[in-house]
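Excluded from the calculations below are hydrogen atoms, water molecules and symmetry mates; all remaining heavy atoms, backbone and side chain alike, are included. Whatever order the structure lists ligands and atoms in, that order sets their numbers, starting from 1. Values in this document were obtained by computation on a predicted structure and should not be read as measured data.
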Amino acid sequence: MKRIILFGPPGAGKGTFSSQIKEVLPNIAHISTGDIFRENLKNETPLGLKAKGYMDKGELVPDDVVNDMMRDRLNKEDAKNNGFILDGFPRTLNQAKTLNKITDINFLLVLEVPEDIIIKRILGRYSCPNCGEIYNKYFMKPKKEGVCDKCNSSIKFEQRSDDNEETLKNRLNVYKENAKPIISHYKDKGKLKVINYENKLSLKEIKKILEL
Ligand code: AMP
């Protein structure tokens, strides 16, 4: 069973890397804190309303809110029995220390991507609201303009509201401020792996990284 943290700036490809891990480990739980918050926001739950102001500005939701949410999530059967990929958590040293108390992990995978590519990945990103397939106006447009390759719907594509230039600047700064102590923390534990993820990797390479 694998317990993996995916770490990297916004636009590093954590979502894509998670999908690739799911191809080799189909039962592993993919836990994305950003997705949980967005789902709560859509349903206007108290948690979603609490997170909204921070997300709009590209700031971090306070640690106590995130830590409580993750304690609950990681204690669910799927994560306990099948392992997990953490996508977007921990984002602060405090969150990493909380995670240590909840469960052990195999490694922290740091996805490294040059900043000019990150910016294009984020500002060019849009998705199909029907099936969630992600496209990019610079790198990966649908084959037929306005029609989703995956589900064939010609519904209007949507962009994340925090994928704009102003919020991105803040999200990148927040990442830079918090990344160093987290990376050192896992390096000291001998659990750090740094991966160049400018280009998508093959499943063979993914398996090697995961030590499968
Ligand atoms: P993401 O989809 O991972 O880019 O997350 C979107 C937004 O959700 C972030 O900009 C934060 O406002 C919030 N968020 C997600 N994960 C965390 C976390 N671990 N700690 C604090 N805020 C988070």
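In this structure the side chain of Val66 never reaches within 4.5 angstrom of the side chain of Arg91, judged on heavy atoms.
Asp162 and Arg160 are joined by a salt bridge, as a carboxylate oxygen and a charged side-chain nitrogen come within less than 4.0 angstrom of each other.
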Only distances under 3.5 Å count here; give the side-chain donor-acceptor pairs of residues 45-58 to other protein atoms, sequence neighbours excluded, each with its distance to 0.1 Å.
{"from": "Thr45", "atom 1": "OG1", "to": "Asn40", "atom 2": "O", "distance (Å)": "3.4"}
{"from": "Thr45", "atom 1": "OG1", "to": "Asn40", "atom 2": "OD1", "distance (Å)": "2.7"}
{"from": "Thr45", "atom 1": "OG1", "to": "Leu47", "atom 2": "N", "distance (Å)": "3.4"}
{"from": "Thr45", "atom 1": "OG1", "to": "Gly48", "atom 2": "N", "distance (Å)": "3.0"}
{"from": "Lys52", "atom 1": "NZ", "to": "Asp56", "atom 2": "OD2", "distance (Å)": "2.7"}

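Between Tyr197 and Phe17, the two ring planes are perpendicular [angle over 60°; tilted spans 30° to 60°].
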**Item:** side chain to side chain contact (heavy atoms under 4.5 Å, CB included) between Glu133 and Tyr135, worked out
**Value:** CA-CA 7 Å; Glu133 186 72 352; Tyr135 297 98; 3.5 Å; yes

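Rounding to the nearest 0.5 Å gives a distance of 13.5 Å between CD1 of Ile5 and NZ of Lys193.
Protein neighbours of ligand 1 below 4.0 Å, counting non-hydrogen atoms: Thr33, Gly34, Phe37, Arg38, Met55, Glu59, Leu60, Val61, Val66, Gly88, Phe89, Arg91, Gln95, Arg160, Asp162, Arg171.
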